Structure formats: structure tokens, C-alpha cells
Amino acid sequence: MLDFLKNLWDSGILTAVAFYAIRLIIANTKNKNIAMFASWAQQAVAFAEQYSNPGQEKKDLAMRLVRRRIRANGLAGRFSEGQISGAIEWALAEMKKNN
């Protein structure tokens, strides 16, 4: 068994399998982070719509809430201000479409 694993390692097959497994895990994690990010934007927009004054103040509140969730989940630096703003706009459009 040990010789078999050594031969796999020497041939590069084990390395290739490990490389692709790691890439799959990373891609899965990124997808989950993006899905969480989108749900945070939807929650922030719903909260801002209910508890904030109209106009830019709502968007500012929603962006602050999303930024706070990003930091709280250790994802600081992974989403730009433009991405946060876009997610808020998307969540607002989705909310209006569903109402």
C-alpha cells in the first residue's frame, strides 16, 4: 500500500488530484461566500426599507449593514465598495420585482 502511494506521488497523479480537490473546495467556498453576500444585501435592503428615511439614507444604511456583516464574517477586503453598492441595487430591484 505504501509503495502504491509512493508511486502515485512520484507519478504526479496524487499531486494533480490534490490540486483539483483544493480548487474545487475553494470554488465551493467562493460560491457560498457570494451567496451569503447576496442574502446579506437582501436583508439589509429589507431592513433599510422598513426602518430608514427615503432616498440615499436607505442605501447608506444598507451598505453599512452589509459592510458590518462582511467584517463580522472575516471577509473584509473580499468585496469592493462597487460590489457592495451593486448588490444593494440588485437586492432593491429584486424586492421591487417581487412586490
Side-chain angles (χ1 to χ4, degrees):
M1 180 68 170
L2 192 57
D3 287 334
F4 177 71
L5 290 176
K6 184 182 179 309
N7 288 336
L8 280 178
W9 180 263
D10 290 340
S11 69
I13 292 173
L14 195 57
T15 305
V17 169
F19 174 77
Y20 286 110
I22 290 169
R23 287 185 57 130
L24 179 65
I25 291 167
I26 289 170
N28 188 29
T29 301
K30 284 182 182 179
N31 288 342
K32 286 181 181 180
N33 288 346
I34 292 169
M36 280 191 312
F37 175 64
S39 72
W40 296 337
Q42 289 175 317
Q43 293 166 5
V45 165
F47 182 85
E49 284 291 322
Q50 190 171 10
Y51 295 108
S52 185
N53 294 326
Q56 186 64 30
E57 191 175 318
K58 284 183 181 183
K59 184 173 182 180
D60 291 341
L61 174 61
M63 288 189 64
R64 282 193 312 270
L65 292 170
V66 171
R67 279 189 218 108
R68 189 177 303 148
R69 294 289 296 271
I70 289 170
R71 281 191 308 273
N73 285 278
L75 299 173
R78 302 245 171 106
F79 299 100
S80 69
E81 287 297 307
Q83 289 172 319
I84 296 170
S85 179
I88 297 298
E89 294 293 333
W90 167 81
L92 182 59
E94 286 294 309
M95 188 174 76
K96 287 182 179 180
K97 184 173 77 174
N98 292 330
N99 285 339

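Nothing fancy with the numbering, it's 1 onward along the sequence. Just so it is clear, the model here is predicted, and its values are computed rather than measured.
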From [X] [atom1] over to [Y] [atom2], what is the distance, rounded to the nearest 0.5 angstrom?
X: Arg67; Y: Leu75; atom1: CZ; atom2: CG; result: 15.0 Å
X: Gln42; Y: Glu94; atom1: CD; atom2: CD; result: 7.0 Å
X: Leu92; Y: Ile88; atom1: CG; atom2: CD1; result: 9.0 Å
X: Lys30; Y: Arg78; atom1: NZ; atom2: CZ; result: 8.5 Å
X: Arg64; Y: Ile84; atom1: CZ; atom2: CD1; result: 12.5 Å
X: Glu81; Y: Gln83; atom1: CD; atom2: CD; result: 10.0 Å

Are Ile70 and Phe47 in one and the same hydrophobic cluster, where Ile, Leu, Val, Met, Phe, Trp and Tyr link if side-chain heavy atoms are under 4.5 Å apart?
no

Do Tyr51 and Leu65 share a hydrophobic cluster (ILVMFWY, side-chain heavy atoms under 4.5 Å, transitive)?
yes

Output all residues satisfying salt bridge (Lys or Arg N to Asp or Glu O under 4.0 Å) with Arg71, sequence neighbours left out; order by chain, then residue number.
none

Partners passing salt bridge (Lys or Arg N to Asp or Glu O under 4.0 Å) against Glu57 (at least two apart in sequence or in another chain)
none

Not counting sequence neighbours, which residues clear side chain to side chain donor-acceptor pair (under 3.5 Å) with [X]? List them please.
X: Lys59; value: Ser85, Glu89
X: Asp60; value: Gln56
X: Arg68; value: none

Nearest heavy-atom neighbours spanning Ala62 and Ala44
O-CB, 3.5 Å

For a 4.5 angstrom cut-off between non-hydrogen side-chain atoms, does Lys58 reach Leu61?
no

Strictly by ring-ring contact (aromatic ring centres under 6.0 Å, His included), give each pair with a member in residues 71-99 just once, sequence neighbours left out.
Phe37-Phe79

